[in-house]
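Worksheet for the structure shown next.
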Number of protein chains: 2
Amino acid sequence: MRVTGGFWAGLLEVNANATLRHCRDWMERLGWIANFDRVAAGTTAVGERPGWQFSDSEVYKLLEALAWEHARSGDVGADAAFEELAARVVAAQDDDGYLNTCYGHAGQPARYTDLSSGHELYCTGHLLQAAVARIRTTTGPSGPAGPPAAEGPSTVADPLVAAAIRAADHVCREFGPGAREAVCGHPEIEVGLAELGRALGEPRYTAQAALFVERRGHGTLAPIALLGPQYFQDDVPVRDADAWRGHAVRALYLAAAAVDVAVDTGDDELLAAVERQWTRSVERRTHLTGGMGSRHQDEGFGDDWELPADRAYCETCAGIASVMVSWRLLLATDDVRYADLVERTLYNVVATSPRSDGRAFFYANPLQQRTPGGDLLPDQVNPRAEGGVRAPWFDVSCCPTNVARTLASWTSYTATVEGDVVTLAQYAAGETRLALDDGGVLGLRVTTRYPHDGYVHTEITEAPDRPVTLRLRVPSWADGATVTAPRAAGAGHGDPHTVHPGWTEVRRTFAPGDVVALDLPTAPRLTWPDPRVDALRGTVAVERGPLVLCAESHDLPHGADLADLRLDPSVPPEAHADGARVRARISTPTPAPAGGPPFLGTPPVPRPDTAAGDTTDVVLIPYHRWAERGPAAMRVFLPVG
Amino acid sequence: MRVTGGFWAGLLEVNANATLRHCRDWMERLGWIANFDRVAAGTTAVGERPGWQFSDSEVYKLLEALAWEHARSGDVGADAAFEELAARVVAAQDDDGYLNTCYGHAGQPARYTDLSSGHELYCTGHLLQAAVARIRTTTGPSGPAGPPAAEGPSTVADPLVAAAIRAADHVCREFGPGAREAVCGHPEIEVGLAELGRALGEPRYTAQAALFVERRGHGTLAPIALLGPQYFQDDVPVRDADAWRGHAVRALYLAAAAVDVAVDTGDDELLAAVERQWTRSVERRTHLTGGMGSRHQDEGFGDDWELPADRAYCETCAGIASVMVSWRLLLATDDVRYADLVERTLYNVVATSPRSDGRAFFYANPLQQRTPGGDLLPDQVNPRAEGGVRAPWFDVSCCPTNVARTLASWTSYTATVEGDVVTLAQYAAGETRLALDDGGVLGLRVTTRYPHDGYVHTEITEAPDRPVTLRLRVPSWADGATVTAPRAAGAGHGDPHTVHPGWTEVRRTFAPGDVVALDLPTAPRLTWPDPRVDALRGTVAVERGPLVLCAESHDLPHGADLADLRLDPSVPPEAHADGARVRARISTPTPAPAGGPPFLGTPPVPRPDTAAGDTTDVVLIPYHRWAERGPAAMRVFLPVG
């Protein structure tokens with residue numbers, strides 16, 4: 001899909017024009033790229049290496065982003081940047097295929113001596129994913145989940161791909177059957193091997209990925225300080241677990257790999273295990289934004305129903321990893337709920353992270369900020385980008401490059417083909433020509449202002465002379481959607497008919513110029529938390545289309561405190577700009593008695609002078625754009641009453 | 001006060017008979033005590049030392065507990081244990097007064113090379129507090145806040161006291177004016193020096209404590225990984241801060257020292273600063289139990305109004321440190337609110353930690369447990385004693401020895417004397433003879449079943465032949481309390497008269513046999529969270545006297561889930577055993593639609609078959625006894641409706 005305008009086109013352009021360069025400049029400045037030069041030159045030394053032990057992975061994620069970006073836009077600058085950076089990376093590879101700038105050279109700890117924290121295999125996994133992006137954008141069909149490309153001279157001639165193959169072979173030798181019976185503290189090698197195996201048609205890599213997936217959950221990893229085996233999913237075997245737990249990014253990268261392995265080895269039990277985990281975790285451990293990870297402590301999942309707004313961690317990378325898992329499950333099972341969660345997460349976690357200029361990012365994405373945060377200077381590193389201010393870079397800076405690779409490959413999530421069925425899973429204005437599995441091409445031109453409104457106009461630009469199916473997703477929130485389809489090829493529109501959430505299909509012999517129009521209702525709507533979510537009792541959120549909305553202190557009447565806002569749910573919210581307008585009052589409850597904890601002998605009663613009549617209208621904005629107008633208090637869930 | 005029966009007598013006896021020995025056995029078994037022997041023998045070696053870098057402090061807290069226990073009960077076994085353990089500690093002291101088993105010897109890092117994490121001065125602070133307990137229980141009036149004891153041969157002849165003096169002198173040399181301009185990452189040396197300075201009348205120690213207090217807040221400590229300067233209160237100078245923040249135990253040990261320094265140097269500004277911090281932090285950042293610390297992430301305070309029940313950290317040690325601060329502020333200002341918070345925290349945090357057999361402890365004290373935790377085997381170490389099960393020992397095992405020293409010195413919190421005013425600040429059955437500042441003795445015998453009921457009967461057993469004042473605390477919750485006092489010395493009772501929360505005074509020329517009877521209403525009462533506490537909206541708690549109550553899954557009707565309990569606040573709770581009985585219903589709301597996060601398009605409505613009439617009575621138990629009957633779900637705050 002070539003995206004030609006609208007919501008995602010803007011984000012993708014900023015990513016291309018600002019974020020990729022931003023990431024490269026920061027890693028150059030901090031010496032994370034030069035770490036490869038030092039290994040290549042044999043000038044590593046004790047205690048002098050900048051960056052965490054996993055900083056190589058950021059360079060690999062940038063490489064992956066550059067590869068996708070070159071394919072997306074044809075930008076030769078991105079290609080040149082890829083080749084220049086890849087050359088520096090490849091130069092650091094040891095003769096036996098090991099490639100890491102933190103271990104195994106003069107003055108460094110020995111290889112694989114700290115599997116719990118060392119992240120060596122994690123880094124290798126990202127190297128493999130970068131190589132897969134290169135393979136898919138130079139020799140095979142593009143897209144992260146396309147069918148295997150033929151292995152051939154053009155692929156292996158690419159220096160980074162060749163390096164990745166050497167690294168993967170090294171991993172298979174060192175960790176294969178009969179060698180080290182171990183896993184890495186941070187899953188990622190699994191998905192890297194599985195993707196590379198699929199891209200090259202190399203079953204040894206798939207088998208090694210499967211071996212890593214099976215080995216996990218048996219408590220072989222040494223604990224890290226106070227973090228137990230659950231932190232890295234080493235508590236329960238993948239196929240036995242009922243829910244995601246521990247560090248969210250770890251849990252989700254592992255789940256993504258498990259789906260790949262299950263599909264490529266025909267392991268239905270393993271696939272069912274991940275589906276079971278998805279169901280339980282999404283229904284009980286997932287925030288309204290799609291954000292995953294309720295706890296700051298271990299960047300981890302919480303218990304069922306533990307979904308605090310203020311301390312929601314919802315790491316950007318966990319959102320990205322959730323999209324990776326749901327996308328794979330969608331392809332494996334065709335269940336529309338996975339596409340719905342992909343959309344929710346893309347609009348409300350992934351799109352929330354980058355600042356509109358693409359040069360600062362949220363790491364954590366809480367759903368409430370009580371007091372406006374401070375401003376961060378442009379060159380400041382932030383531990384976690386909390387406090388309601390996006391930061392240019394982080395001490396652990398996994399999110400910016402993860403956003404970059406996700407946006408650069410975003411179009412892959414829009415459409416799929418199976419047989420003669422073409423599916424639009426995500427909506428954006430754009431054009432595509434899709435090769436049908438059984439021959440022929442379906443060309444589509446999508447025109448839409450989605451999510452600003454819900455009208456998606458799809459024109460057929462090219463079609464075979466036989467029936468094919470165009471399948472559209474009606475999101476779970478879109479009760480009352482309608483579809484208008486051509487009566488027959490070239491015979492003009494039929495009448496709109498109501499369709500229900502789920503897939504809706506139009507099967508026709510299409511002619512160029514035919515239009516399939518989907519109209520999704522995007523009036524703002526109230527969304528209530530399940531009563532078991534203790535932290536959100538007595539509150540309601542407002543959504544509009546795929547967007548979660550929020551109240552920002554900027555939009556309150558002068559002098560009002562966001563903590564005192566009480567929404568009147570009996571007045572339906574109205575559309576306003578890209579958000580909504582709601583009826584609320586500013587409550588001023590009886591102050592608590594001083595001198596003790598904030599608890600009262602009688603139920604808090606609003607003061608008479610702020611009773612029911614004293615209402616005001618408050619504008620809500622899309623959550624993904626909060627904190628763009630300077631430091632602000634913010635909340636998604638508004639108390640009612 | 002010699003406690004003769006009732007609530008605290010039980011805890012104090014278990015502490016004496018089980019916990020002290022339990023702590024000693026664990027530290028012997030783990031080699032934390034033998035660390036001293038190895039330093040003394042010069043057999044330290046690289047990488048062989050068991051325990052964290054701060055494990056010495058646990059040995060010192062046990063010494064402190066043994067000293068108090070000997071004074072409390074006269075147990076010669078405690079005294080012998082103290083002397084034996086002290087001898088092993090003292091033998092490890094270097095010639096220049098430095099005493100630490102982790103740094104500064106063969107195979108160890110050099111002294112003071114890691115002030116952020118090393119805890120060397122922190123350990124020394126606990127050594128000094130142990131010495132102060134020894135001084136106060138051998139040569140001066142007992143009690144943690146008694147007036148200075150005369151320095152003299154008997155004091156300095158004590159090996160541990162002599163070692164502490166050498167250590168304090170060493171600290172003054174190394175960190176005094178003109179020497180290292182530094183502080184320790186974990187405050188504690190400040191309070192140790194201040195206490196020792198007061199106990200010995202040595203102003204150099206007080207001055208060094210003051211210097212450490214002043215130095216903090218200027219960002220001199222190197223950050224620990226992702227933890228910024230706020231973590232160790234190095235972000236804002238003590239006298240400028242408005243609230244407690246960062247690691248709770250650190251913040252509170254520092255505040256305790258600041259009060260000591262302020263009092264002993266006449267620094268009213270510093271005292272006012274701590275009072276300001278107390279007010280803000282108690283009114284907005286303190287849980288109903290008195291527990292402090294809302295976050296697991298850095299064991300720290302949260303934002304104002306951030307008081308989640310499920311993820312409340314409320315570390316036992318933070319509760320103990322809060323008692324230390326409030327007790328000092330009470331003595332410095334005579335404001336009754338400090339004594340109220342001491343009581344709330346003692347009953348609901350300190351008393352909650354130890355299991356009834358004194359051999360397992362809570363580290364974190366959350367106010368909600370959604371699913372019953374697992375059983376822990378007797379010899380298992382637990383990272384944080386989460387999951388609703390007390391653990392015998394911890395990886396970071398600060399809480400057991402802190403409970404031990406607090407219970408061993410608990411009686412010190414009961415009574416104070418100033419001039420001819422005797423104050424009973426905490427209530428327990430017991431006897432005491434108090435030397436009035438201006439001569440004479442007031443003897444008291446308190447008979448009470450408090451907190452089981454609120455009747456406190458105080459008989460005068462000895463009194464001077466002139467008017468003195470007996471002052472009693474009427475807790476903030478005790479509206480409708482009455483006092484009955486003698487008409488005149490030996491002239492029989494007057495009529496009960498109503499007294500209001502705060503101090504109530506009876507000034508008489510008392511005769512032996514006179515009785516002052518205080519009657520505090522302890523009917524169970526509903527307590528509502530301030531509406532700004534988002535996490536508790538729509539819930540209510542039940543308290544009884546000083547006790548916070550909770551619902552445990554053990555007490556629910558068969559098959560009912562604690563998450564579905566809805567309390568009917570229109571029916572007043574009734575007293576039941578030591579807790580209460582409340583009217584509730586088991587709600588079964590419409591299940592959320594499957595396939596997405598747990599949010600609904602319409603407000604959740606109870607199913608018709610579980611509407612208003614379908615109610616049940618549920619028994620609530622004191623929070624401090626939860627999880628004593630096996631793994632359980634628990635909650636303090638119950639949803640209403």
Side-chain angles (χ1 to χ4, degrees), chain A residues 226 228 279 282-284 286-288 290 295-297 302-311 337 340-341 344 368 370-371 383-384 395-396 476-477 525-535 537-541 563 569 587 589 592-604 639, chain B residues 226 228 279 282-284 286-288 290 295-297 302-311 337 340-341 344 368 370-371 383-384 395-396 476-477 525-535 537-541 563 569 587 589 592-604 639:
Chain A
L226 299 170
T279 300
V282 172
E283 291 178 6
R284 301 185 181 198
T286 300
H287 294 269
L288 182 61
R295 297 182 176 178
H296 286 240
Q297 189 188 17
D303 291 334
D304 286 351
W305 318 117
E306 183 188 323
L307 295 168
D310 52 354
R311 295 295 286 168
R337 63 183 182 154
D340 281 349
L341 189 69
R344 181 175 289 282
Q368 178 182 7
R370 285 197 179 77
T371 51
R384 286 282 191 256
D395 185 40
V396 173
S476 61
W477 45 262
R525 63 192 187 276
L526 297 175
T527 300
W528 302 82
D530 186 290
R532 287 163 290 194
V533 182
D534 288 300
R537 181 169 289 110
T539 69
V540 68
S587 157
F599 301 94
L600 314 164
T602 54
Chain B
L226 299 169
T279 300
V282 172
E283 290 179 7
R284 301 186 181 196
T286 300
H287 294 269
L288 182 61
R295 298 182 177 178
H296 285 240
Q297 189 188 17
D303 291 335
D304 286 351
W305 317 119
E306 183 188 322
L307 295 168
D310 52 353
R311 295 294 286 169
R337 64 184 181 154
D340 281 350
L341 189 69
R344 179 175 291 281
Q368 179 182 7
R370 283 197 180 80
T371 50
R384 287 281 190 258
D395 185 41
V396 173
S476 62
W477 45 262
R525 62 191 188 276
L526 296 175
T527 300
W528 302 82
D530 186 289
R532 288 165 290 194
V533 182
D534 288 300
R537 180 169 290 109
T539 69
V540 67
S587 157
F599 301 94
L600 315 165
T602 53

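Residue numbers start from 1 in every chain, and the chains themselves are labelled A, B, ... in the order their sequence lines are given, proteins ahead of strands.
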Handout entry: Among A:Thr279, A:Thr602, A:Asp395, A:Asp340, residue most engaged with chain B (heavy-atom pairs, under 4.5 Å)
Key = A:Thr602
Problem - Residue part contacting chain B, namely of A:Leu341, when any heavy atom lies under 4.5 Å - result: side chain
Handout entry: Closest non-hydrogen atom pair between B:Gly595 and A:Arg337, with its separation
Key = O-CB, 3.8 Å
Exercise for the section: With sequence neighbours excluded, tell me which residues meet salt bridge (Lys or Arg N to Asp or Glu O under 4.0 Å) with B:Arg370. Expected result: A:Asp534, B:Asp310
Problem - Proximal component of A:Thr371, with respect to chain B [non-hydrogen, under 4.5 Å] - result: neither
Exercise for the section: Sort out for me which residue in B:Gln297, B:His296, B:Arg311 forms a side-chain contact (heavy atoms from CB on, under 4.5 Å) with A:Arg311. Expected result: B:Gln297
Practice task
Using non-hydrogen atoms and a 4.5 Å limit, figure out which bit of B:Pro603 sits close to chain A: side chain, backbone, both or neither.
Solution key: both
Completion exercise
Correct closest heavy-atom pair for B:Asp530 and A:Leu600 would be CA-CD1, 4.2 Å
Exercise for the section: Heavy-atom distances under 4.5 Å only: say whether A:Trp305 touches chain B with side chain, backbone, both or neither. Expected result: both
Fill in the blank from the handout: If one checks every heavy atom of A:Thr527 against chain B at 4.5 Å, the contacting part turns out to be both
Fill in the blank from the handout: Answer key: most heavy-atom pairs under 4.5 Å with chain B among A:Leu288, A:Val533, A:Leu526 is A:Leu288
Exercise for the section: Pick one of side chain, backbone, both or neither for A:Pro531, based on which atoms fall under 4.5 Å of a heavy atom in chain B. Expected result: both
Handout entry: Largest heavy-atom contact set with chain B, pairs under 4.5 Å, which of A:Gly228, A:Ala563, A:Gly601
Key = A:Gly601
Exercise for the section: Search all heavy atoms of A:Trp528 against all heavy atoms of B:Pro604 and return the closest pair with its distance. Expected result: CB-CD, 4.0 Å
Exercise for the section: Quick one: closest heavy-atom pair of A:Thr286 and B:Pro597, and the distance? Expected result: O-CB, 3.6 Å
Handout entry: Contact summary for A:Leu307 and B:Pro598, nearest pair of heavy atoms
Key = CD1-CG, 3.6 Å
Practice task
Mind checking salt bridge (Lys or Arg N to Asp or Glu O under 4.0 Å) for B:Asp304 and listing every partner two or more places apart, or none if nothing turns up?
Solution key: B:Arg280, B:Arg284, B:Arg285
